[in-house]
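In what follows, a structure is listed as structure tokens, so that the remarks can point back to it.
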Amino acid sequence: MESAPICVYLVISLQPSLILIGVAFLLVSSSNLAYPEKLSTYECGFDPFDDARNRFDIRFYLAAILFIIFDLEVTFLFAWAVSLDKIGLFGFWSMIVFLLILTIGFLFEWKKGALDWE
Amino acid sequence: MILFSVFSSIALVSSVMVIRAKNPVHSVLFFILVFFNTSDLLILLGLDFFAMIFLVVYIGAIAILFLFIVMMLNIKIAKIHENVLRYLPVGGIIGVIFLLEIFFIVDNDYIPILPMKLSTTYLTYTVYAEKIQNWTNLETLAMIGAIVLTMHKTTQVKRQDVFRLLRMFRKTQE
């Protein structure tokens with residue numbers, strides 16, 4: 001695989017990210033601008049009562065699980081699409097069977113409204 | 001050789017940092033770094049498809065799931081008790097078992113080496129088609145299981161009744 005252009009691209013694309021983070025860090029890290037009092041959370045002068053986190057919605061996790069399932073399906077589709085001439089009719093129909101079974105799960109998920117957000 | 005040693009050493013160091021980092025989000029980030037370096041090792045072996053699949057599936061999905069777990073469990077950094085030696089006996093035994101498994105695989109004559117060029121895809125969809133069938137059944141089951149376990153009755157989603165809209169539109173035309 002031709003990885004030399006990718007390596008060059010990676011090195012060049014790493015530079016703006018590092019410059020942005022590094023310059024921001026360097027400019028702010030002097031003790032005038034980043035002492036603990038200034039960095040702590042503000043609650044009208046009181047010490048912070050509790051963490052500021054919200055309750056985690058479980059629908060994010062469901063979306064991630066569904067993503068991983070269909071992502072793996074797409075992975076198989078990639079390999080299948082590349083080798084269609086070698087696997088013939090049997091390979092074609094085997095993949096269609098896989099897609100049908102996953103479509104059953106997809107239909108269940110759609111009808112249940114698993115991805116509905118209000 | 002240099003690239004191999006760089007990637008493998010960073011992978012090993014990152015995997016140790018996964019368990020030693022104080023902040024759990026840092027742990028997940030080191031976890032992602034392990035997968036990046038493993039993907040680079042796969043590129044060095046010439047398995048570019050698997051390297052990209054590692055990036056997409058492992059980092060893009062599995063590491064994100066780990067990140068969601070870290071976000072879900074409200075882990076405050078200051079309250080983690082640093083009692084490492086408590087888990088040493090059982091953890092040590094499991095670690096030694098894993099290490100022995102690695103030594104069984106390396107330099108073993110009983111494991112067939114599959115040719116890694118195009119015949120993998122050919123084998124996948126013809127000879128090993130039933131194994132992929134098992135995977136699809138498992139994935140559908142996982143989907144249904146995840147939805148059954150995590151769906152709570154959401155509030156009424158506002159939907160459009162298309163047929164009612166069409167009928168009302170026809171009434172405006174008269």
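Small disclaimer: the values here were computed from a predicted structure and weren't measured. To find a chain, count down the sequence lines: A is the first, B the second, and so on, and within it residues start at 1.
Looking at A:Thr75 and B:Val57, their side chains come closer than 4.5 Å, going by heavy atoms from C-beta outward. Looking at A:Phe56 and B:Leu73, their side chains never come closer than 4.5 Å, going by heavy atoms from C-beta outward. With a 4.5 Å cut-off on side-chain heavy atoms, A:Tyr61 and B:Thr150 do not count as touching.
Linking ILVMFWY residues whenever their side-chain heavy atoms come closer than 4.5 Å, directly or via other members, places A:Phe76 and A:Leu89 in the same cluster. In the hydrophobic clustering of ILVMFWY residues, with side-chain heavy atoms under 4.5 Å counting as a link, A:Ile68 and B:Phe50 come out together. When the side chains of ILVMFWY residues are joined at heavy-atom separations under 4.5 Å, either directly or via intervening members, B:Phe4 and B:Phe7 end up in a single hydrophobic cluster. Tracing side-chain contacts under 4.5 Å through hydrophobic residues (I, L, V, M, F, W, Y), one reaches A:Trp80 starting from A:Val74; they form part of the same cluster. There is no path of hydrophobic side-chain contacts, each under 4.5 Å, that joins A:Ile104 to A:Leu72.
Listed by sequence position, the residues of residues 10-19 of chain B in contact with chain A number zero, using a 4.5 angstrom heavy-atom cutoff. Residues of residues 133-144 of chain B that come within less than 4.5 angstrom of chain A, heavy atom to heavy atom, are B:Gln133, B:Trp135, B:Thr136, B:Asn137, B:Glu139, B:Thr140, B:Ala142, B:Met143, B:Ile144 in numerical order.
Contact annotation for A:Leu66: only side-chain heavy atoms (C-beta onward) come within less than 4.5 Å of a heavy atom of chain B. For A:Phe106, the part lying near chain B is the backbone, with the side chain staying farther off; criterion is any non-hydrogen pair under 4.5 Å. Contact annotation for A:Val97: only side-chain heavy atoms (C-beta onward) come within less than 4.5 Å of a heavy atom of chain B.
Taking a 6.0 Å sphere around CZ of A:Phe78, one finds it holds 12 or fewer heavy atoms contributed by other residues, nucleotides or ligands. Dense packing is recorded around CZ of B:Phe54, with more than 12 heavy atoms of other residues, nucleotides or ligands lying under 6.0 Å away. Enclosure of atom CZ in A:Phe92 by more than 12 non-hydrogen atoms of other residues, nucleotides or ligands within 6.0 angstrom is indicated.
Closest approach of B:Val148 and A:Phe108 over heavy atoms only: CG2-CZ, 4.4 Å. Nearest heavy-atom pair across B:Ala129 and A:Phe98 is O-CZ, 3.6 Å. Listed here is the closest heavy atom pair of A:Phe60 and B:Phe68: O-CE1, 3.5 Å.
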Without placing hydrogens or testing angles, list every side-chain donor-acceptor pair under 3.5 Å for residues 60-67 of chain B, not counting sequence neighbours.
none

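In this structure, A:Val11 shares a hydrophobic cluster with no other residue, the cluster being traced through Ile, Leu, Val, Met, Phe, Trp and Tyr side chains under 4.5 angstrom apart.
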